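Input: a single structure, listed below in structure tokens.
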Amino acid sequence: MVTERELICQLNYGTETVMADVVISQSDDCSVIATITPHQQISLISSNVDCFIESIPNGLSSLLLKKTPITISEQNIQLEAKLGLAELELQNLPQDREIVSVRMYLTNLFDPYYYKNNIKFDINIPGQPQVVLSAHTEGTISHIAEVSQIPYSDLEKIKKLVDSICWLCSFASGRLSAVARMEVLRNEELIYQELTSVVDITLNQGSKVIYDVDDLTQFIEHSYKYYQQIATTYNLNNLINLGLLAKHTPYIEVQTLLMCNFLEVLRYNYALKVGCPSGVFRQTRNNNFKWLSGANGGKQASFNEILTRFCDSNSIISGEFSGDFTNIRNEIVHTGNITGSNSLEKIQKYQDLHHFCDRVILALLQWNLVSGHYIPRNCPNNPNPAVLGVNRVAFTNE
């Protein structure tokens with residue numbers, strides 16, 4: 001299925017400007033393409049000049065494309081251009097106080113999160129409008145997230161709300177979820193549309209951390225507040241993305257290297273944004289840190305010491321950060337290999353490391369406060385041979 005919109009636009013390239021017929025389309029892989037037919041013959045467009053297209057009011061479409069940078073990929077009678085983002089809006093947008101509804105089309109949330117009797121499920125986050133998720137099969141788009149009856153002035157807040165939900169879903173499902181398309185409606189009239197070329201849509205086969213739709217709903221509703229509190233501090237979206245990348249590569253060395261990078265990002269952001277402001281560390285050159293006081297005052301804080309301090313100071317996963325992880329990090333960074341008597345031992349080392357990193361995120365999101373359930377990365381199947389199915393266990397910090 002392809003979403004298309006026909007427009008008449010002004011094509012600007014360098015100092016030249018021409019009129020053109022334009023078809024904006026978003027295909028099943030969520031790429032956004034503009035097919036441009038100039039009204040007059042033009043010379044080849046150099047890759048060194050800036051190119052833009054912008055709608056001219058006409059009878060073809062009630063929505064007009066805002067000025068949008070493009071990258072020309074093909075030049076024949078027609079031009080084909082790639083767009084990172086296309087924003088189309090009504091010429092006369094509503095007043096801030098006017099009431100609208102929003103639909104957002106999300107990628108990569110597959111079974112069992114939306115095939116539970118093929119029904120909608122509600123996400124009720126305290127202090128936020130209700131978000132209703134429902135199945136929608138369209139290429140890599142699997143859900144529609146709907147928010148009804150909000151002031152138009154709240155549109156940016158809703159975009160941030162759903163984007164945060166996507167990141168929480170991505171961690172929970174092991175599949176990178178994002179907003180591919182947004183529609184704003186006023187009394188069922190489409191007044192604004194946003195098409196986004198989603199990257200990394202192939203990150204769609206990872207193993208889950210959160211088991212089913214009921215756990216997922218609870219996870220989002222509980223964790224959203226804590227996500228907002230710590231996402232910037234710990235660069236949480238990058239940490240989630242590293243875990244997803246590790247789940248989507250078949251090479252154990254690359255998987256391990258990515259999760260060691262997770263630890264590096266955690267170490268750096270904790271030391272810089274928490275340890276330094278609180279007077280525990282001082283940043284030195286090359287992104288290293290020194291202790292400010294205590295028995296080690298003035299000495300460089302090691303990788304192991306900073307991460308141990310992170311665990312202890314947050315009263316999370318106390319004692320679980322193992323020196324073995326430091327050894328694994330040193331091995332993979334310095335030699336490009338993981339020691340082990342066989343491949344199964346190497347895989348177990350990686351899975352233990354990834355399990356620890358998953359638990360870091362769950363602990364930062366305070367999943368223990370509701371004894372929320374999760375699936376251990378290093379033991380995903382029920383260890384009881386008499387019981388088939390996943391190993392769904394309650395999360396604790398202990």
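None of these values were measured; they are calculated from a predicted model.
- Here the straight-line distance linking atom NZ of Lys82 with atom CD of Glu74 works out to 9.0 Å at 0.5 Å rounding.
- Leu168 and Phe219 get closest at one heavy-atom pair: O-CE2, 3.6 Å.
- Residues Leu64 and Glu89 are not in side-chain contact: their nearest non-hydrogen atoms beyond the backbone lie 4.5 Å or more apart.
- Residues Ser177 and Asn108 have side chains that never bring a donor and an acceptor to within less than 3.5 angstrom of each other.
- If you take CD1 on Ile201 and CG on Asp29, they are separated by 4.5 Å, rounding to the nearest 0.5 Å.
- With contacts defined as side-chain heavy-atom distances shorter than 4.5 Å, the pair Ile332/Asn337 does not qualify.
- When all heavy atoms are compared, the tightest approach of Cys357 to Met259 is CB-CE, 3.5 Å.
- The distance from the OG atom of Ser148 to the CZ atom of Arg103 is 9.0 Å, given to the nearest 0.5 Å.
- For the residue pair Thr339 and Lys349, a side-chain donor N or O sits within less than 3.5 Å of a side-chain acceptor on the partner.
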Go through Tyr192 and Glu87 one step at a time and tell me if the side-chain contact (heavy atoms from CB on, under 4.5 Å) criterion holds. CA-CA 8 Å; Tyr192 179 87; Glu87 297 178 81; 2.7 Å; yes
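- You'll find the side chain of Phe289 reaches within 4.5 Å of the side chain of Cys276, heavy atoms only.
- Relative orientation of the His222 and Tyr226 rings is tilted, given thresholds of 30° and 60° on the angle between their planes.
- Other residues, nucleotides and ligands place no more than 12 heavy atoms under 6.0 Å from the CG atom of Asn187.
- Nearest heavy atom pair, residue Val209 against residue Phe171, reads CG2-O, 3.5 Å.
- Closest non-hydrogen pair, Glu189 versus Leu90, comes out as OE2-CD2, 3.9 Å.
- Side-chain atoms of Glu146 and Val131, non-hydrogen and from C-beta on, never get closer than 4.5 Å to each other.
- Leu369 and Phe395 fall within a single hydrophobic cluster, where Ile, Leu, Val, Met, Phe, Trp and Tyr are joined by side-chain heavy atoms under 4.5 Å apart, directly or via other members.
- In this structure the side chain of Val23 never reaches within 4.5 angstrom of the side chain of Thr37, judged on heavy atoms.
- Between Ser313 and Tyr270, the closest heavy-atom pair is OG-OH, 2.9 Å.
- The minimum heavy-atom distance linking Thr107 with Ala180 is given by the pair CG2-CB, 3.9 Å.
- A 4.5 Å side-chain heavy-atom check between Ile70 and Ile36 finds at least one atom pair inside the cut-off.
- Defined by atom type and a distance below 3.5 Å, a donor-acceptor pair is present between the side-chain atoms of Tyr374 and His355.
- Tracing side-chain contacts under 4.5 Å through hydrophobic residues (I, L, V, M, F, W, Y), one reaches Val333 starting from Leu266; they form part of the same cluster.
- Two residues are said to be in side-chain contact when any heavy atoms from C-beta on lie closer than 4.5 Å; Glu54 and Leu65 fail this criterion.
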Evaluate the criterion side-chain contact (heavy atoms from CB on, under 4.5 Å) for residue pair Ile306 and Phe281; output intermediate values, then yes/no. CA-CA 9 Å; Ile306 293 174; Phe281 302 116; 4.0 Å; yes
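- When atom types are taken as modelled, the side chain of His136 and the backbone of Tyr105 share no donor-acceptor pair closer than 3.5 angstrom.
- Going from atom CG of Leu257 over to atom CD of Gln255 covers 11.0 Å, rounded to the nearest 0.5 Å.
- Note that the CG atom of Asn384 and the CG atom of Asn391 stand 10.0 Å from one another [nearest 0.5 Å].
- Geometrically, Arg267 does not engage Phe303 in a cation-pi contact defined by less than 6.0 Å to the ring centre and at most 45° from the axis.
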Stepwise side chain to side chain donor-acceptor pair (under 3.5 Å) test for Asp352 and Gln348: CA-CA 6 Å; Asp352 289 343; Gln348 189 64 52; 3.0 Å; yes
Show your reasoning for whether side chain to side chain donor-acceptor pair (under 3.5 Å) applies to Asn12 and Thr17. CA-CA 5 Å; Asn12 301 291; Thr17 300; 2.9 Å; yes
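- With rounding to the nearest 0.5 angstrom, the CG atom of Leu93 is 10.0 Å from the CD atom of Glu98.
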Kindly determine whether His39 and Asp21 satisfy side chain to side chain donor-acceptor pair (under 3.5 Å), including the steps that lead there. CA-CA 7 Å; His39 288 184; Asp21 295 326; 3.0 Å; yes
Please step through ring-ring contact (aromatic ring centres under 6.0 Å, His included) for the pair Tyr227 and Trp167, ending with a clear verdict. CA-CA 9 Å; Tyr227 172 89; Trp167 278 108; 8.1 Å; no
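- Side-chain contact annotation: Gln26 with Ser31, donor-acceptor N/O pair under 3.5 Å absent.
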Might you work through the side-chain contact (heavy atoms from CB on, under 4.5 Å) test for Lys159 and Leu161, ending with a clear yes or no? CA-CA 5 Å; Lys159 290 167 68 174; Leu161 168 65; over 6 Å; no
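- Asn304 and Thr326 share a side-chain donor-acceptor pair at under 3.5 Å.
- A side-chain donor from one of Glu345 and Ser341 sits under 3.5 Å from a side-chain acceptor of the other.
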